[in-house]
Amino acid sequence: MQTTSPNTRRPEQAPSDNTSPRSHRARTLALAAMSLGLGVVQLDITIVNTALSSIGTSLGGSVAELQWMVTAYTITFAAFILTAGALGDRLGAKRIFIAGFAIFTLASLACVLAPSAMFLIAARAVQGLGAAILVPNSLTLLNHAYADPKARSRAVGIWAAGAAVALTAGPFVGGVLIALVSWRSIFLVNLPIGAAGLWLAWRYAGETPRLAQREIDLPGQLAAITALGALAGALIEGGALGWSHPLVIGGFAAAAVAGLLFVWREARAPQPMLPLSLFGHRLFALSALVGFLFNIAFYGLIFVLSLYFQEVNAWSPFATGLAFVPMMAMVLPANLVTASVSERLGAPQTITLASVITAAGCVALLPMTPGMSYWAIGAQLVVLGGGLGLLVPSLTSTLLGSVEKSRSGIAAGVLNVMRQTGSVVGVALFGSLVGRDNAFIAGAHASLVISAAVLLAGAVAIWHGRGGTMKGRRRP
C-alpha cells in the first residue's frame with residue numbers, strides 16, 4: 001500500500017487510505033486475502049472427513065492412522081496459534097501471514113503428492129502450522145486496515161461469514177471432488193486459493209508496526225506441543241494397543257508432566273503465551289471450558305459419522321458429503337439468529353440452550369444401527385448443526401465480554417486454542433472407541449453418550465457461572 005511523504009501531507013489531513021477510492025479498493029482486496037486465509041483453514045477442517053475411507057483404501061491406513069490425519073492438523077493448529085500471533089506482533093502481521101499462507105499451500109501440495117499414510121500425516125501437521133499462523137494474523141491485519149469501528153465490524157462479519165461458508169461447504173465439496181477426480185483433489189483445491197491469497201496479501205495488505213519488545217515463549221510452546229501430542233497419541237493408540245499398554249500409559253504420563261510444566265512456565269513467564277490470569281474470571285474460564293467440551297462432541301462425532309457412512313453403510317464419498325450438507329447448512333442461519341436470541345435470553349443462557357439442544361441430538365442418534373436409513377438420522381444431524389451455529393457466536397461474545405478490550409485479542413486466541421484442543425481429544429478418543437475390532441456400533445454409541453454427557457456438563461457449568469465477575473475488575 002502506498003504511503004504519502006511527510007513533506008507533502010499536512011499534519012491535520014486525514015490519511016489518504018481512509019478517503020481515496022484506490023485505498024478503498026485496496027482494503028477490499030486485502031479483506032479478500034484475509035477471508036481466503038481463514039476460509040481455507042476452515043475448509044480443511046471438514047473436507048478431509050469425506051475422504052477418510054478413500055485415503056485408507058489408497059494408502060492402506062488403519063483407523064488409528066486416519067485419526068492421525070485429522071488430529072495432526074488440529075494439534076499443530078491448537079499448539080502454535082498463540083505463538084503465531086505473538087510472532088506477528090514482533091515481526092509484522094503481513095510478513096507472518098504471507099509466510100503462513102506459503103507454508104499452508106506448500107503443505108497442501110505435499111498432501112497431494114503423499115506416497116504413504118505417514119507422509120500424509122506429516123504434511124497435515126505442517127498444514128496445521130500454516131493454519132495457526134493464518135488465523136490470528138488475518139484478524140490483526142483486518143484491525144489494522146479498518147480504523148473506523150463500523151467498517152471494521154462489517155469487515156470482520158464478512159471474514160467470519162466466509163469461514164462459515166467454507167466450513168459448511170467442506171463435506172459436499174470434498175464428496176464432489178473425490179467422485180470426479182480422487183481424494184488428492186481435496187488438497188489440490190488449496191493451491192489456487194493459496195496463490196490468490198498470497199498475491200492479494202502481498203499486493204494490497206498493509207504491514208503492521210513491529211513490537212520488538214514482544215517476546216516469544218519458546219519453553220511454553222515446547223511444553224504445549226508435547227502435552228497435546230502425547231495426549232492425542234495415548235488416546236489414539238489406546239484403542240489399538242489397549243489402555244493398559246506401557247506405551248499408552250507412558251503417553252498419558254508424558255502429557256500430564258508436560259501439561260504441568262506448561263502451567264508452571266506460564267505462571268512465571270514475563271510474557272506468557274497463555275496468560276493464566278485470564279482464568280481468574282469465572283465466566284471466561286467457563287466459556288473456554290464449554291468451547292473445549294463442545295468441540296470434543298461435535299468434531300469427534302463428525303469423524304465417527306464419516307466412518308459410519310462409508311465403512312459401515314458402504315456409502316460413496318459423494319453420498320457422505322451430501323449426508324452432511326443439511327447439518328452444516330444449519331450453521332450459517334443459526335449464526336444469523338443468535339444475536340436476537342442472545343438479546344432476548346442473554347448470551348450465557350443461549351450457550352446453555354445450544355448445548356442442551358446438541359445433547360438432545362446426540363441422544364436421538366443412539367438407535368443408530370448398520371444400514372440405517374439416512375431419513376431416520378437426518379433430522380438429528382440438522383439439530384447438531386443448529387446447535388453449533390447457535391453456540392459459537394454467543395460463546396465468543398460471552399468470552400470477549402468477560403475481559404478488558406485491551407485483552408480481547410489474546411482472549412479470542414485462547415478460545416481458538418481450547419476449541420481446537422477439544423477437536424484433538426474428540427477425534428482421538430472417539431476414534432479409539434470405534435476402531436476396536438468388530439465394535440464400531442458399540443463405540444459409536446459410547447461416543448454419543450460421552451458427547452451428550454460433556455455437553456450437558458458444559459450447559460450446567462455456564463448456567464451456574466453466568467454471574468461471574470473479573471477479580472479486581474472495576475464495575476461501572
Side-chain angles (χ1 to χ4, degrees), residues 43-78 107-108 110-128 170-171 174-175 177-178 182-187 228-229 231-242 248 251 295-296 298-321 323-324 370 420 422-444 446-447:
L43 181 68
D44 267 49
I45 290 175
T46 56
I47 197 172
V48 172
N49 286 284
T50 54
L52 291 174
S53 181
S54 299
I55 293 173
T57 301
S58 174
L59 301 181
S62 63
V63 172
E65 287 175 315
L66 296 180
Q67 288 172 267
W68 277 116
M69 291 171 195
V70 177
T71 56
Y73 180 86
T74 47
I75 285 172
T76 51
F77 188 4
S108 297
C111 291
V112 173
L113 302 174
S116 66
M118 292 305 297
F119 188 97
L120 180 57
I121 290 168
R124 285 283 288 166
V126 179
Q127 260 195 324
L177 289 173
I178 295 165
S182 75
W183 65 264
R184 297 181 188 273
S185 62
I186 68 169
F187 300 110
L228 273 177
L231 177 61
L235 289 171
I236 289 172
E237 299 304 329
L241 301 177
V248 175
N295 270 37
I296 288 176
F298 191 86
Y299 289 100
L301 288 179
I302 286 181
F303 179 84
V304 170
L305 290 170
S306 296
L307 291 180
Y308 168 75
F309 291 142
Q310 295 179 77
E311 298 291 335
V312 177
N313 285 3
W315 292 5
S316 68
F318 179 69
T320 300
F324 280 115
Q420 294 307 320
S423 301
V424 171
V425 173
V427 173
L429 176 60
F430 294 176
S432 69
L433 293 174
V434 300
R436 294 171 295 176
D437 292 339
N438 303 316
F440 187 96
I441 295 299
S447 300

### Message
Show, in sequence, the C-alpha distance, side-chain angles and deciding distance for T76 and V126, and conclude whether the side-chain contact (heavy atoms from CB on, under 4.5 Å) test is met.
### Response
CA-CA 8 Å; T76 51; V126 179; over 6 Å; no
[X] side chain to [Y] main-chain N or O, any donor-acceptor pair under 3.5 Å?
X: T320; Y: F309; value: no
X: R184; Y: A114; value: yes
X: S182; Y: I178; value: no
X: S58; Y: I55; value: no
X: Q67; Y: A428; value: yes

Rounded to the nearest 0.5 Å, how far apart are [atom1] of [X] and [atom2] of [Y]?
X: M69; Y: L52; atom1: CE; atom2: CG; result: 8.0 Å
X: S306; Y: E311; atom1: OG; atom2: CD; result: 10.5 Å
X: Q310; Y: S316; atom1: CD; atom2: OG; result: 8.0 Å
X: Y308; Y: I441; atom1: OH; atom2: CD1; result: 5.5 Å
X: L113; Y: F119; atom1: CG; atom2: CZ; result: 7.0 Å
X: F303; Y: L429; atom1: CZ; atom2: CG; result: 11.5 Å

#### Entry: Derivation and outcome, side-chain contact (heavy atoms from CB on, under 4.5 Å), residues F187 and I47
CA-CA 9 Å; F187 300 110; I47 197 172; 6.0 Å; no
Exercise: identify the closest heavy-atom pair between [X] and [Y]:
X: P370; Y: N313; result: C-OD1, 3.8 Å
X: L228; Y: A78; result: CD1-CB, 3.9 Å
X: V304; Y: A444; result: CG1-CB, 4.0 Å
X: G170; Y: T46; result: CA-OG1, 3.4 Å
X: V312; Y: F440; result: CG2-CD2, 3.6 Å
X: S447; Y: V434; result: OG-CG1, 4.4 Å

### Summary
With L235 as partner, the option from V425, V424, V427, T71 fulfilling side chain to side chain contact (heavy atoms under 4.5 Å, CB included) is V425
### Task
Start with the C-alpha gap between I121 and R124, add the side-chain angles, then the distance that decides, and say whether side-chain contact (heavy atoms from CB on, under 4.5 Å) holds.
CA-CA 5 Å; I121 290 168; R124 285 283 288 166; 5.7 Å; no
So [Y] and [X], do their side chains get closer than 4.5 Å, heavy atoms only?
X: W68; Y: L120; answer: no
X: T57; Y: W183; answer: no
X: N49; Y: Y299; answer: no
X: S423; Y: N295; answer: yes
X: F318; Y: T50; answer: no

### Task
Could I get the full list of side chain to side chain donor-acceptor pair (under 3.5 Å) partners for Q420, not counting sequence neighbours?
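Counting only residues at least two positions away or on another chain, Q420 forms no side chain to side chain donor-acceptor pair (under 3.5 Å).
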